[in-house]
Amino acid sequence: MILNGRALSEQILQDLTIKLSLMNRKPGLAVVLVGEDSASKVYVGSKLKTCERLGIHSQAVLLPTGTTQANLESILIELNQNSAIDAILVQLPLPKHFNSREVLQKISAKKDVDGLSYESLGRLVTGDHQWAACTPSGVIALLQANQISLKGKHAVVVGRSNIVGRPMALLLEKENATVTICHSHTENLSNYTSRADLVVLAAGQAQYFTAEYFSSEAVVIDVGIHRLSDGTLCGDLHPSAFDKVKAYSPVPGGVGPLTIAFLMKNTYLLAKLNGK
Ligand code: NAD
């Protein structure tokens, strides 16, 4: 079975359109992009386009690669004070000369739409959060929409970044799954993935996970996005696994559209929490 993220994303955006039409004032999202990374430019472009479609006010802050840490931080502090902006997203990865961790802490916790500040991550760990990182939130929504039960199941998350792997593991645990986190130092990775009911792939390794990594009963969520030399997009999952596993999310058309839908949903939620 193919888990269709695009259809679910469309449904979420349509529900949001109705909710947004009932608001007194448009929510505002600022997207900050530093540098010339072509993939990041495409992602930012589709985020802004979706804002326009939904009637969410958006502000793109496009900065040259040479921007300094101090300059970027002062822009974030200004955005924190801007009453037209409810949500702030810094497109990652930042160019290498930035201390990303420090940059992310400059976003006010009340506007931290991707849940990456220490306060947001702390709330997620304690289960005291009202929203979480967009991509893992989209994965949970995809599983729920397809009635894939998580309670008591063994979920393996491959990857431990703060933006995908770690919040993903916490959200799965909150759904009462038993969670194992694997990463680049895990020995005998297939020992874990082949015994899992659910595998979330967020390793960032194009088509790395072949059929042998999974049981035929596994549900596989593919978070990875890569552009192959012929221009096509693929994920971390190798095509040899498509016919073997019980269900998988495709790339494109799986988790990607849901990340954008949850960016919009979280922006709406932050605006409501900020009293709009
Ligand atoms: P990252 O590079 O920060 O983290 C990758 C993680 O995978 C690390 O924890 C590393 O230890 C682990 N890893 C790498 N190679 C491995 C291997 N061979 N075996 C086991 N573990 C391995 O990446 P990230 O920001 O978490 O993103 C992961 C992937 O998801 C990337 O392809 C990225 O483009 C994609 N992504 C997609 C969306 C979306 O909307 N679909 C959103 C964010 C990220």
Side-chain angles (χ1 to χ4, degrees), residues 3-6 8-9 12-13 31 33 37-47 49-50 89-96 98-101 103-104 113-116 121 132-143 155-172 179-194 196 199-210 212-214 220-228 232-238 241 248-266:
L3 304 171
N4 188 337
R6 205 179 296 287
L8 177 60
S9 150
I12 293 169
L13 294 179
V31 181
L33 173 64
D37 181 74
S38 54
S40 293
K41 280 184 174 173
V42 173
Y43 298 146
V44 167
S46 33
K47 287 166 186 173
K49 224 165 98 185
T50 312
L89 180 89
V90 174
Q91 185 68 39
L92 298 174
L94 286 168
K96 290 212 174 348
F98 285 99
N99 179 337
S100 302
R101 216 166 266 201
V103 168
L104 295 171
V113 72
D114 220 358
L116 290 169
L121 289 168
C134 301
T135 301
S137 300
V139 171
I140 297 290
L142 186 61
L143 294 166
V156 168
V157 178
V158 186
R160 57 176 171 180
S161 69
N162 286 337
I163 193 164
V164 187
R166 286 198 176 113
M168 186 74 257
L170 289 163
L171 290 179
L172 288 167
V179 184
T180 303
I181 303 180
C182 296
H183 47 77
S184 50
H185 294 276
T186 300
E187 291 179 5
N188 301 321
L189 183 61
S190 64
N191 273 353
Y192 300 93
T193 55
S194 64
V199 183
V200 179
L201 297 174
Q205 304 289 338
Q207 299 185 329
Y208 181 88
F209 295 90
T210 50
E212 302 84 75
Y213 277 87
F214 310 101
V220 181
I221 303 292
D222 193 354
V223 177
I225 307 182
H226 315 275
R227 194 169 289 281
L228 296 173
T232 55
L233 289 177
C234 73
D236 286 2
L237 188 62
H238 190 273
Y248 71 96
S249 67
V251 179
V255 176
L258 288 167
T259 297
I260 297 193
F262 270 82
L263 178 62
M264 301 300 129
K265 201 171 169 178
N266 285 355

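All figures in this text were calculated on a predicted structure; none of them were measured in a lab. One-based numbering, in listed order, for ligands and for the atoms of each.
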Exercise for review: Locate the shortest heavy-atom distance separating S137 from A132; write the atom from each residue and the value.
Suggested key: OG-O, 3.3 Å
Practice item. For atom 11 (O) of ligand 1, state whether the nearest protein heavy atom is under 4.0 Å away. Key: yes
Practice item. Run the numbers for me: atoms of ligand 1, each under 4.0 Å from some heavy atom of L189, listed by number. Key: 19 (N), 20 (C)
Practice item. Give the residue and atom name of whichever protein heavy atom lies nearest to atom 43 (C) of ligand 1, and the separation in Å to one decimal. Key: V164 CG2, 3.8 Å
Review point. Hey, does G256 sit under 4.0 Å from ligand 1 if you only count heavy atoms?
Key: yes
Point to revise | Side-chain heavy atoms of L237 within contact of F214, under 4.5 Å | key: yes
Check your understanding: Are G165 and ligand 1 in contact, using a heavy-atom cut-off of under 4.0 Å?
Key -> no
Exercise for review: Ignoring hydrogens, just give me the one of Y208, Y43, Y192 whose non-hydrogen atom is nearest atom 18 (N) of ligand 1.
Suggested key: Y208
Practice item. Determine, considering heavy atoms only, which of G159, G235, A203 sits nearest to atom 17 (C) of ligand 1. Key: A203
Point to revise | atom 23 (O) of ligand 1 protein-contacted (non-hydrogen atom, under 4.0 angstrom) | key: no
**Study point:** Structural part of L92 in contact with ligand 1, heavy atom criterion under 4.0 angstrom
**Key:** neither
Review point. Below 3.5 angstrom, do we get any N/O pair linking R160 and ligand 1?
Key: yes
Revision key, fill the gap. Of all protein heavy atoms, the one nearest atom 41 (N) of ligand 1 is V223 O, 3.3 Å
Review point. Of all the non-hydrogen atoms in the protein, which one sits nearest to atom 31 (C) of ligand 1, and at what distance?
Key: G204 CA, 3.7 Å
Check your understanding: Nearest to atom 26 (O) of ligand 1 by heavy atom, P167, S161, A202: which?
Key -> S161
Exercise for review: Of all the heavy-atom pairs spanning D236 and G204, show the shortest one and how long it is.
Suggested key: OD2-N, 2.9 Å
Point to revise | Nearest-neighbour protein heavy atom for atom 34 (O) of ligand 1, which is reported as residue plus atom name and distance | key: I225 O, 3.7 Å
Revision key, fill the gap. Looking only at protein heavy atoms, what sits closest to atom 21 (N) of ligand 1 is H183 C, 3.1 Å
**Study point:** Heavy-atom side-chain proximity of V158 to Y192 below 4.5 angstrom
**Key:** no
Check your understanding: Relative to ligand 1, is L258 under 4.0 angstrom through side chain, backbone, both or neither, heavy atoms considered?
Key -> neither
Review point. With a 4.5 Å heavy-atom cut-off, do L104 and N162 have their side chains touching?
Key: no
Exercise for review: Could you tell me whether the side chain of L201 reaches within less than 4.5 Å of the side chain of Y208, counting heavy atoms only?
Suggested key: no
Practice item. Side-chain contact test, heavy atoms from C-beta onward, threshold under 4.5 Å: evaluate it for L263 versus D114 and give yes or no. Key: no
Practice item. Report yes or no: does D37 contribute a side-chain atom to a donor-acceptor pair with the main-chain N or O of S40 at less than 3.5 Å? Key: yes
Review point. Can you tell me if H226 has a non-hydrogen atom under 4.0 Å from ligand 1?
Key: yes
**Study point:** Heavy-atom closest pair, residues R160 and H185
**Key:** NH2-CD2, 3.6 Å
**Study point:** Under-4.0 Å heavy-atom contact with ligand 1, by part of V158 that carries it
**Key:** side chain
Review point. Any side-chain heavy atom of Y248 within less than 4.5 Å of one from D222?
Key: no
Review point. Does T259 approach ligand 1 within less than 4.0 angstrom via side chain, backbone, both or neither, non-hydrogen atoms only?
Key: side chain
Review point. Among all protein non-hydrogen atoms, which one is nearest to atom 42 (C) of ligand 1, and what is the separation to 0.1 Å?
Key: T135 OG1, 3.2 Å
Review point. Please state which protein non-hydrogen atom is closest to atom 25 (O) of ligand 1 and give its distance, to 0.1 Å?
Key: I163 CG2, 3.6 Å
Point to revise | Flag, side chain of T186 to backbone of L189, donor-acceptor distance under 3.5 Å | key: no
Review point. Which ligand 1 atoms, with their elements, are less than 4.0 angstrom from a heavy-atom of G224?
Key: 29 (C), 30 (O), 32 (O), 35 (C)
Review point. Taking side chain as C-beta onward, heavy atoms only, is R6 less than 4.5 Å from P252?
Key: yes
Study note, to complete from the structure: Closest non-hydrogen contact found for I163 with A133 is O-CB, 3.7 Å
**Study point:** Close side-chain approach of C182 and T193, heavy atoms under 4.5 Å
**Key:** no
Review point. N/O to N/O below 3.5 Å, does that happen between D236 and ligand 1?
Key: no
**Study point:** Atom of A241, atom of T210 and distance for their closest heavy-atom approach
**Key:** CB-C, 4.2 Å
Practice item. Can you pull out the closest protein heavy atom to atom 15 (N) of ligand 1? Residue, atom name and distance to 0.1 Å, please. Key: Q205 NE2, 3.0 Å
Practice item. Please state whether T186 comes within less than 4.0 angstrom of ligand 1, counting heavy atoms only. Key: no
